[in-house]
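Here is the structure we will look at.
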Amino acid sequence: MSSVPANSTPVNYGVLLFPAFQALDVFGPLDALNMLSMRYSMNLYIIAATLDPVSTRPVSAVTNPMNSNFSESIVPTHTFSDPPPLDVLIVPGGLGTRVPDFDNVIEFVRTTYPKLQHLITVCTGAGIAARAGVLDGKRATTNKQNWAQTIALGPNVDWVARARWVQDGNTWTSSGVSAGIDVIFAFIASVHGETVATDIANVMEYERHLDPNWDPFADMYGLKW
């Protein structure tokens, strides 16, 4: 459980990165937060295992069958071993969550969570948080296409299949990929007010999902509960 009060305005935002993270899981929420930072004083930190650039490129031939050289990279500002103080941590998903050697990522979430005001996961990033144990006893959701594989990582989590996003206390979890934009707007509305969230969405020309309890992809993948 986080020991930090969530009633003060967050300033220090962190994004956790690992090889083969999903691009939109990161860049979707960050674009909205970029605009938010024009209204409020905010700091962004990019955190990974090392300070080497972290790429979206798949890490195995199985997940890159055409051997494409098509990816984006981000340069971290901090490492897991030397993180900055954080109010908010964003945890993306992606193909990289499926590699066997992932203990350093899980441990970082486990040790960082008690110091946070808010934890936000996108897509299969919920699986990372579940493996870290920080979602135990909480309601959460995740990517609908990879639903069965992800929820198996958190047997003590109350998974909500039909949700677009779920807020439970200071944890925010979203459905797959683009749903990260919806959860970040819900977060912005909660912290800074609905007017601010609506203004930023309009500048982005983004039509928000406003009902957290309905995800059309739940029906597509036959999820009923």
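Being a predicted model, the structure only gives us computed values, none of them experimental.
Checking side-chain atoms of Thr173 against main-chain N and O of Thr141 turns up a donor-acceptor pair under 3.5 Å. Side chain of Ser55 to backbone of Arg57: a donor-acceptor contact under 3.5 angstrom is found. For Asn64 (side chain) and Ser68 (main-chain N/O), a donor-acceptor pair under 3.5 Å exists by modelled atom type. Formation of a donor-acceptor pair under 3.5 Å by the Ser71 side chain with backbone atoms of Thr56 is not found in this model. No donor-acceptor pair under 3.5 Å is formed between the side chain of Trp165 and the backbone N or O of Ile184. In this structure a side-chain-to-backbone donor-acceptor pair under 3.5 Å is present from Gln167 to Gly169. For the pair Thr142 (side chain) and Cys123 (backbone), a donor-acceptor distance under 3.5 Å is present. Side chain of Thr97 to backbone of Gly94: a donor-acceptor contact under 3.5 angstrom is found. For Asn170 (side chain) and Gln117 (main-chain N/O), a donor-acceptor pair under 3.5 Å exists by modelled atom type. Within the 3.5 Å criterion, the main-chain N or O of Trp147 finds no donor-acceptor partner in the side chain of Thr150.
Other cluster members for Leu210: none, since no ILVMFWY side-chain heavy atom sits under 4.5 Å from it.
Side-chain atoms of Leu30 and Val15, non-hydrogen and from C-beta on, do get closer than 4.5 Å to each other. Side-chain contact between His192 and Thr9 is present, with at least one heavy-atom pair separated by less than 4.5 Å. Looking only at side-chain heavy atoms (C-beta outward), Phe187 and Pro29 stay at 4.5 Å or farther from each other. Residues Phe80 and Val105 have side chains in contact (heavy-atom distance under 4.5 Å, counting atoms from C-beta outward). Using a 4.5 Å cut-off on side-chain heavy atoms (C-beta onward), Leu33 and Ile90 make contact. Looking at Leu116 and Val88, their side chains never come closer than 4.5 Å, going by heavy atoms from C-beta outward.
With sequence neighbours excluded, no residue satisfies ring pair (Phe, Tyr, Trp, His ring centres under 6.0 Å) with Tyr13. Every residue meeting the salt bridge (Lys or Arg N to Asp or Glu O under 4.0 Å) condition with Asp219, not counting sequence neighbours, appears here in chain and number order: Arg162. Checked against ring pair (Phe, Tyr, Trp, His ring centres under 6.0 Å), Phe21 has no partners two or more places apart in sequence or in another chain. In terms of the salt bridge (Lys or Arg N to Asp or Glu O under 4.0 Å) criterion, Glu72 has no residue partners (sequence neighbours excluded). With sequence neighbours excluded, no residue satisfies ring pair (Phe, Tyr, Trp, His ring centres under 6.0 Å) with Phe217. The ring pair (Phe, Tyr, Trp, His ring centres under 6.0 Å) test applied to Phe102 returns Phe18, not counting sequence neighbours. Residues passing the salt bridge (Lys or Arg N to Asp or Glu O under 4.0 Å) test with Arg98: none are found, sequence neighbours excluded. Among residues two or more places apart in sequence or in another chain, the salt bridge (Lys or Arg N to Asp or Glu O under 4.0 Å) test is passed with Asp168 by none.
Arg110 approaches Ala132 most closely through the heavy-atom pair NE-O, 3.3 Å. Between Ala130 and Val157, the closest heavy-atom pair is CB-CG2, 4.3 Å. The shortest non-hydrogen separation linking Ile200 to Ala32 is CG2-O, 4.0 Å. Across every non-hydrogen atom of Val109 and Ala129, the tightest pair is CG1-CA, 4.3 Å. Across every non-hydrogen atom of Ala218 and Lys144, the tightest pair is N-CG, 4.0 Å. Residue Ala186 comes nearest to Arg208 through the heavy atom pair N-NH2, 4.5 Å, listed as atom of the first residue, atom of the second, then distance.
Rounded to the nearest 0.5 angstrom, Ser60 OG and Leu95 CG are separated by 8.0 Å. For the atom pair Leu17 CG and Ile74 CD1, the distance stands at 5.0 Å (nearest 0.5 Å). Note that CZ of Arg139 is 10.0 Å distant from OG1 of Thr171, once rounded to the nearest 0.5 Å. A distance of 10.0 Å separates CG in Asn104 from OG1 in Thr50, rounded to the nearest 0.5 Å. Remark: Ile47 CD1 to Thr79 OG1 distance equals 9.0 Å, nearest 0.5 Å. The NE2 atom of His118 lies 8.5 Å from the CG atom of Asp87; values are rounded to the nearest 0.5 Å.
Residue Met204 is grouped with residue Val196 when hydrophobic side chains (ILVMFWY) are merged at heavy-atom distances under 4.5 angstrom, including chains of intermediate members. Side-chain heavy atoms closer than 4.5 Å link hydrophobic residues (I, L, V, M, F, W, Y) into clusters, and following such links, even through other members, never connects Leu135 to Leu153. Residues Leu44 and Leu89 share a hydrophobic cluster, clusters being chains of Ile/Leu/Val/Met/Phe/Trp/Tyr side chains in contact below 4.5 Å. Note on Ile120 and Val166: separate hydrophobic clusters, where clusters join Ile, Leu, Val, Met, Phe, Trp and Tyr whose side-chain heavy atoms are under 4.5 Å apart, directly or indirectly. Val11 and Val191 fall into different hydrophobic clusters, where Ile, Leu, Val, Met, Phe, Trp and Tyr are joined by side-chain heavy atoms under 4.5 Å apart, directly or via other members.
Thr195 and Thr198 form no side-chain donor-acceptor contact under 3.5 Å, judged by distance and modelled atom types alone. Side-chain atoms of Asp215 and Ser175 include a donor-acceptor pair closer than 3.5 Å.
Applying the salt bridge (Lys or Arg N to Asp or Glu O under 4.0 Å) definition to pairs two or more places apart or across chains, none involves residues 16-30. Among pairs with a residue in residues 35-45, those fulfilling side chain to side chain donor-acceptor pair (under 3.5 Å) read Asn12-Asn43, at least two apart in sequence or across chains. Under the salt bridge (Lys or Arg N to Asp or Glu O under 4.0 Å) criterion, the residue pairs touching residues 172-193 are Arg164-Asp182, with sequence neighbours excluded.
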Original post:
Does the side chain to side chain contact (heavy atoms under 4.5 Å, CB included) test come out yes or no for Val203 and Met35, once each step is laid out?
Top reply: CA-CA 9 Å; Val203 172; Met35 295 186 179; 3.8 Å; yes
Original post:
Hey, mind stepping through Val134 and Leu119 against side chain to side chain contact (heavy atoms under 4.5 Å, CB included) and telling me if it holds?
Top reply: CA-CA 9 Å; Val134 302; Leu119 174 69; 3.8 Å; yes
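Between Tyr206 and Phe185, the ring-plane angle classifies as parallel under the 30° and 60° cut-offs.
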